[in-house]
Amino acid sequence: MTVLVAGASGFVGSRVVAALQAREPGSVRAGLRRTRPDFTRDGIHQCVMDAADPATLPSALAGVTHVVNAIMGSPAAMVETTKNLLEAAKIAGVTRFVHLSSIAVFGGQEGLIRDDSPYGTDVDAYGAAKIECEKLVKASGLEWVILRPALIHGAGSDPWTGRIGRLLKQGRLGDLAERGDGLCNLVLVEDVVAAILAALDRPEAAGQAFNLADPDPVTWNRFLMDFAREIGATPVHRLPGWQWKVEKLGAIPLKVLAIIRDKAKLKRLPLPDAVTPSFARLFAQQVQYDPAGVDHRLGFSRTPYDEGLKRATRWFAGHR
Amino acid sequence: MFEDCATASGLGGSTLRTTLCIVGAGPAGISLALQFIGTKTDVVLVAGGALDHETRTQQLYAGEVADEAMHSPLTEYRHRQFGGSSATWGGRCMPFDPIDFEARPWIEGARWPIAHEDIARFYPAASALAEIGDPVFDAREAIADGMREMAKGFAPKAFDLDRLERFSAPTNFGRRYGERLRRAPNIRVLLNAHAVEIEREAGSARIGRVKLRTLEGAEFSVAAERFVIATGGIETARLLLASRKDDATGIGNARDLVGRNYLCHIAGTMGRLTFTRPAAEIFHGYERAWDGTYCRRRMALRSEVQREKGIANIVMRLHHPRLPDPAHGRGILSAIFLAKPFISYEYSKRLHGGDAMSAGLVLRHAWNVLREPFGTAGFLANWARRRTLAARKFPSLIVAPRNNSFSLDIHAEQVPNPESRVTLASARDPFGQPQARVDWRYRPLDLETVRVALHALKDELARWGGGSLEFDEAEIPDAMLREGAYGGHHIGTARMGRSPEEGVVDADCKVFGTENLYLAGSATFPTSSQANPTLTIVASALRLAEHLQSRRESPAVQTGRAA
Ligand SMILES: Cc1cc2nc3c(=O)[nH]c(=O)nc-3n(C[C@H](O)[C@H](O)[C@H](O)COP(=O)(O)OP(=O)(O)OC[C@H]3O[C@@H](n4cnc5c(N)ncnc54)[C@H](O)[C@@H]3O)c2cc1C
């Protein structure tokens, strides 16, 4: 098996590369736009490519049997790169295409969601692009596996470990009372990597989409309290109603600032985290993902909740 | 799902059919209903009020009090709405003690048909619902680095100083859990519907329906396989007594027990405990557990001492000096005394005492405030931040006294007393049902417990040498009864017993002589303990839920609304 990981310098992609290299040295090619010194140091085969530029793909795919598409980007870029990758993979005779999607394809739906549940009708631009990509993958004629991770936390996750940890420390998240009764659909990054490896290996995964979330999710309140305790954001703050209103107002100028910053190409300029209304709504969302398909057909061993917390904490503590 | 019966049309004359009907949506009824989310049991929860306080609805609680000096008006210290009295409660929580459940031959009528452990195993889940953090009530384990001592080096034999009270947010069960109930497809919450009568199926031990009314004039009913009455300690007795269609003296009252043994707590502030140790070695405030819960130590009289002296259960706390007496010299205490018009009756009653505000008194208090302007202002700023603006509220006023001299805040068990009663009054409510009448009585043992405990503490302090307690025995009745029965705790009116001679309900909280009528709440507690009741109310509601779920009956009644 020779695997090309497209998006190899990303949060998930880089970890998939490392895991494949550790499992079978030489079996992985890191597809990225610029080579990385750490990959070079570890002797990882790197292919400089840009999936937005189809001309760069044939050489990267030469001799490749499996592709992992872990490219993240703007909605338009994700659709375009997926299309290009699929076409090039077909030509190169790739035997399996593992595509990273997201539970964002289900929008704000509540209740029990199965792997074959219909897409949401209220999805945002990101979710819409993910749906578009999934449709391309399914129609490609290649053998495919789609993985839809929930909120990926743990080492390296800025949104779900870094940001949450910072907000807890600042007393802007904590005990959310009735606003935090929603189910916390996190999945540890190591588990996502394990699922991707299983999706490459397992014949019975072919032609299936899998939702990747903790099988027995706790409430957001439980998780936030537990994580706050681990990182020492104690005594845990219980958020009063007025604080939510302030956050809601504050999120608007922060959003404007973020847009200006991105336009001015000042990506590194740090901005405070915002608790946007959509972020706030998540904590009350009553949605759960049926783990049966994953357990039957991918069957990787999941990290227990407490261990996941510990790993997230370790990274958060070291990272700051 | 929620239905507002005040605005719903077509209710009149209808019968709602369900599997389980719960009447009353306070901590008891809500905790019980929550246990049925996601089950196959259809539940109707009758709230007896709106989502918030409404004067017109609250007036349904109006009733008669035999001695107004001994008991507050029945429209006070209880809230007729979704969430019940948790809309206003103080949130102080601690479990009952093992001794509370034991037969204590020196206390007539003190006997439970169940053991401490039968309730205690539900305290963890009840603590989670009441949002008091980990169910740990021992000062040595509650906080990571240990808690500060109450008085450094004071280790009395007669008292346990490691026993904690933990505070709820305080959680309004209606606000906190309403959304969960609203989302549950098998649960119907009826707002603004009031139970007026419980009716048997003709000539049988089965309850067939509960009759409901709205203030808008609709009359309808709920038919169910099983009924749970969770309307609070006073209203539960009233509803049983007023259900006289088939039972002349009321349902469950064949032995004239309903409404008897009406218990509250014996509470008050008195004495003068002066420490000779440096003020830094004395601590009477709150500390917070990792989860944010406020915890506080108390002095609990050990059960061995209770047994040996033949008295009831009791705790004491170090307390600031009595507010009304300007001699305390503290600006903040005076400021709060002067703020009386802005504090609700329920909270000002005990803070301010019965003392009238004379001009001279106002001046002396104003002087205290002016003498400590910064201290007072700083305190108020702190109060605003930690209480008014906070979602987990600083539980109570903590002011260190000037001279290391505290008063004692006493909270004691009231022993059972069949002469302390809730009965029916002659006046009627807007539905034509008789109002409740309360005749609260105490026994000599209630005051004796306080006297003995004060002496025990006095002796312990003398032995230790770090402080001393002064009190006047003659002052006990006045101090403990100045405000009458402690408000908000309504206990014992439909007590649990081993037989119909001993109680209104059996060990499963089922009313004797009925097949399918259950009670939830402190009405079923045979004794009152030293503890505030709500944590145990929730724990026993969870126990009842387990019981109701353990025996699945074939549905005799079909679900859905029938005309
Ligand atoms: C000021 C105050 C402070 C308190 N502080 C504390 C404290 O610190 N710690 C503590 O443990 N406890 C405290 N309490 C007591 C606590 O509030 C009660 O123990 C608790 O609310 C009892 O719960 P319950 O569900 O049994 O009854 P309730 O809360 O009284 O609820 C009764 C429910 O029944 C409904 N109802 C009544 N009649 C009818 C009817 N006829 N038909 C239909 N529905 C009806 C009501 O609308 C309500 O929903 C305090 C109470 C007060 C008033």
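In the text below, chain A, chain B and the rest are named by the order of the sequence lines, each starting its count at 1.
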Q: Check whether more than 12 heavy atoms from other residues, nucleotides or ligands sit under 6.0 Å from atom CZ of A/Arg114, and answer yes or no.
A: no
Q) When you look at CZ of A/Arg163, are more than 12 heavy atoms from neighbouring residues, nucleotides or ligands closer to it than 6.0 Å? A) yes
Q. Can any side-chain N or O of A/Trp242 pair as donor or acceptor with the backbone N or O of B/Leu389 at less than 3.5 Å?
A. yes
Q: Please report the shortest heavy-atom distance between A/Met225 and B/Trp290, naming the atom on each side.
A: O-CZ3, 3.3 Å
**Q.** Pick from B/Arg392, B/Arg288, B/Arg176, B/Arg183 with the largest number of heavy-atom pairs that fall under 4.5 Å of chain A
**A.** B/Arg176
Q. Taking all non-hydrogen atoms of both residues, which atom of B/Ala390 and which atom of A/Pro240 are closest, and how far apart?
A. C-CB, 4.4 Å
Q | Heavy-atom proximity to chain B below 4.5 Å, by part of A/Ala233 | A | neither
(Q) Tell me whether the count of non-hydrogen atoms from other residues, nucleotides or ligands lying under 6.0 Å of NE2 in B/His53 goes above 12. (A) yes
Q: Can you see which heavy atom on A/Pro235 is nearest to which on B/Ala289, and at what distance?
A: CB-O, 3.6 Å
Q: For each of A/Arg238, A/Arg179, A/Glu178, tally heavy-atom pairs with chain B at distances under 4.5 Å, and name the one with the top tally.
A: A/Arg238
Q: Considering only heavy atoms and a distance below 4.5 Å, find which of A/Asp181, A/Asp175, A/Thr234 pairs most often with chain B.
A: A/Asp181
Q | A/Glu110 portion near chain B, given a 4.5 angstrom heavy-atom threshold | A | side chain
